[in-house]
Amino acid sequence: MYSNKLLKNSSLVVIAVLVLASCSSEDTLTSDWIDSNTTESSYSLGSLDASNMISVEASFTAGFHDGGLFESGQMNAFPTIVANQLSLVNESTTGAPLTFNNPNTVSSVGTGRIAIDLAAALAFLEGGQGSLADALVETPSDGLTPNTNSPISNFGVPGLRAIDVAVQGYGSLNPYFGAFQSGQTASVLGDAVAANPSFFTVFLGGNDVLGYSLAGGVNDESNPLDPSTISSVENFSAAIDGTLNALSANGAHGVIVNIPPVTLMPYFQVATQLSGGVKLLPAGSIDAATAGYLNSVNAYGAYNAGIDQVLAAGAITQAEADRRKINFEGGAANAPVITDESLTDLSGFNLPSIRQASAGNPALGIPADIFPLDAIFVIGVPQGDGSVYGVSAPLPDQYTLTASEQAKILTAVGTFNAIIAQQASARSNVTLVDVHPLVADLFGLSSAQAAAFGFSGAGVQAADGIQGVEVGGINMVPISLSSAELYNSVWSTDFVHLNPRGSAMLANEVIKVLNATYGANIPEVDPLTFEPINAPF
């Protein structure tokens, strides 16, 4: 998965520094990783023909993380890790390693990388010195260069959607593919098929809904090719079917990974974690005098009166009227005023579709409003005209995912996963890699939450309500906002992509499926031996 938005706003992706403190060094971490007593003498690929492995996907396959693509990211991408293990087994059994080539389109610097400078973060937070920008260490990009590596095994392209995979000339739309495409009219799928794989991994579909999510549900529905538009079911289904048919036409076997719920990504969770809920205007930011003015007829008091009038006219229900009423409390933390297009259109009454952010109603299955990470940088910030987003002016729609927008995302991901599962089960040479159990366990979902997200039966069963997955005595978590656990985070500093340790955990899920499907004995990797979150300690 990938987003141009993250590259353009890289300074937005490290808000977690607001809660960092000193942290233990890597030397304090020890690993007693046990790989099911596998020994080199028992290694086997079983019936798997891994002589020519290729991978087709987007950012997770390419190795994009920390807001950029660079050599070490490619080498720690999950398919590269899988390929290394396959090569290890093949070399131990036949004496010959296997080859898995990434495009050599980036250097060690690549398109840049974001790190967290803890010293600068603490100076800003504890001493009020400097600014948040001082806490960011961003390596300048030295760009992409044309590929000279051949043959290519990794067809991971940041930004690639399932519906893009067969688009001819896609390199003119996406520079990451343009840097290693075989020709000006090439498609990702065409180049992958030309590699004549014996085995393939496919992990598509995340970007078919992620763009909409990152855009806060703002999109141009009249343009199905708009990256912020959720792909249609028909186009997605045709893309997955065509991809699997083309890759397996020569008899190749493969695996396809299903899609985790994108709104669980830390990018959509950190803002509310920092504030303890939807009241993102902190205590003390609005004093009694300001609250009094905001609640008066000179501001939202007039709007509230208008809501009462349309309620009396029968244009809305009492429940909606209650949702729409706006009230600020001086000295306390307050929920920002947001735009919600799912509200009844009252433009005929000269009333906008606005309300204060809501914590939802879990008992009724109504989720809390979600704020993408970049909302933190505009809520409560004065604008050029003197208005303050979330206070005197509603927060623009792109900075909130309302319940209706979340439902749209949830429905799409569930539908896409059903298609992926059906397409895999319809083929004897394609196996599903279900990541839902790992995700449910990692995020500490309850079984009810996992079911609500549309997880598989195995995913619901794995949901134990306890966040984290223990690896070698270390509790690995999505993103920790605690200095004591920051080092155990498996997401990178852009909060959308896995870091190398997270990629290693994903690689192990693939390896488990290969062992079960092909009667193989491929050793898993120890995630603790991989680079953690990019925050120098």
Side-chain angles (χ1 to χ4, degrees), residues 1-3 55-62 64 77-79 156-165 200-214 227-241 243-244 254-269 370 401 405-425 430-443 445 449-460 462-463 478 490-491 495-498 502-503 505-507 509-510 513:
M1 303 177 187
Y2 153 90
S3 169
S55 295
V56 178
E57 198 253 355
S59 301
F60 283 15
T61 289
F64 190 104
F78 87 88
V157 181
L160 181 72
R161 298 172 296 178
I163 64 171
D164 298 326
V165 72
F200 57 85
T201 68
V202 173
F203 189 7
L204 291 169
N207 282 325
D208 291 77
V209 68
L210 181 60
Y212 174 87
S213 306
L214 291 171
S228 61
T229 298
I230 296 175
S231 299
S232 73
V233 173
E234 295 76 16
N235 289 344
F236 183 85
S237 181
I240 296 298
D241 181 55
T243 296
L244 296 180
V255 297
I256 184 168
V257 184
N258 58 9
I259 311 167
V262 297
T263 54
L264 275 182
M265 290 177 171
Y267 189 84
F268 300 103
Q269 300 297 326
I370 286 177
L401 286 174
E405 291 166 338
Q406 292 174 56
K408 187 173 182 178
I409 294 167
L410 184 65
T411 298
V413 171
T415 301
F416 292 167
N417 276 330
I419 291 170
I420 289 170
Q422 187 278 326
Q423 294 283 4
S425 65
V430 178
T431 306
L432 175 69
V433 176
D434 181 10
V435 297
H436 290 169
L438 174 62
V439 173
D441 196 6
L442 184 66
F443 283 89
L445 301 182
Q449 288 173 320
F453 274 118
F455 277 18
S456 63
V460 173
V490 301
W491 245 260
F495 294 173
V496 171
H497 302 94
L498 295 170
S503 292
M505 295 175 73
L506 177 55
E509 296 304 299
V510 176
V513 169

Over all atoms of both residues, closest heavy-atom pair of [X] and [Y]:
X      : Y      : answer
Ala412 : Val209 : CB-CG2, 4.1 Å
Thr431 : Ala424 : C-CB, 4.5 Å
Gly159 : Ala58  : N-CB, 4.2 Å
Ser55  : Pro79  : OG-CB, 3.1 Å
Glu509 : Asp434 : OE1-O, 4.5 Å
Ser213 : Val262 : OG-CG2, 3.4 Å

Apply side chain to side chain contact (heavy atoms under 4.5 Å, CB included) to Ile409 and Tyr212, showing your working. CA-CA 8 Å; Ile409 294 167; Tyr212 174 87; 3.6 Å; yes
Close side-chain approach of [X] and [Y], heavy atoms under 4.5 Å:
X      : Y      : value
His436 : Asn417 : yes
Thr61  : Leu160 : no
Gln423 : Ile256 : no
Val430 : Val202 : no
Val257 : Thr201 : no
Phe455 : Leu445 : yes

Would you please indicate yes or no on a ring centroid separation below 6.0 angstrom for Trp491 and Phe443?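 Phe443 vs Trp491: aromatic centres under 6.0 Å.
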Can you name the one residue among Asn207, Asp208, Asp164 that meets side chain to side chain donor-acceptor pair (under 3.5 Å) with Ser231?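 Of all the options given, the one that passes is Asp208.
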Measuring from [X]:[atom1] to [Y]:[atom2], what's the distance to the nearest 0.5 Å?
X      : Y      : atom1 : atom2 : value
Gln269 : Thr263 : CD    : OG1   : 6.5 Å
Leu401 : Leu214 : CG    : CG    : 9.0 Å
Leu498 : Phe60  : CG    : CZ    : 4.0 Å
Ile419 : Glu234 : CD1   : CD    : 8.5 Å
Gln406 : Ile370 : CD    : CD1   : 3.5 Å
Asn258 : Ser456 : CG    : OG    : 7.0 Å

His497: which of Phe64, Tyr267, Phe78 passes ring-ring contact (aromatic ring centres under 6.0 Å, His included):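 Testing each of Phe64, Tyr267, Phe78 against His497, the sole residue satisfying ring-ring contact (aromatic ring centres under 6.0 Å, His included) is Phe64.
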Parallel, tilted or perpendicular: rings of Phe236 and Phe416 (30°, 60°):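 Parallel.
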Using a 3.5 Å distance criterion without hydrogens, assess whether the side chain of Ser237 forms a donor-acceptor pair with backbone atoms of Val233.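 Side chain of Ser237 to backbone of Val233: no pair is present.
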Are Phe453 and Leu264 close enough, and set up right, to give a side chain to side chain contact (heavy atoms under 4.5 Å, CB included), and what steps lead you there? CA-CA 10 Å; Phe453 274 118; Leu264 275 182; 3.9 Å; yes
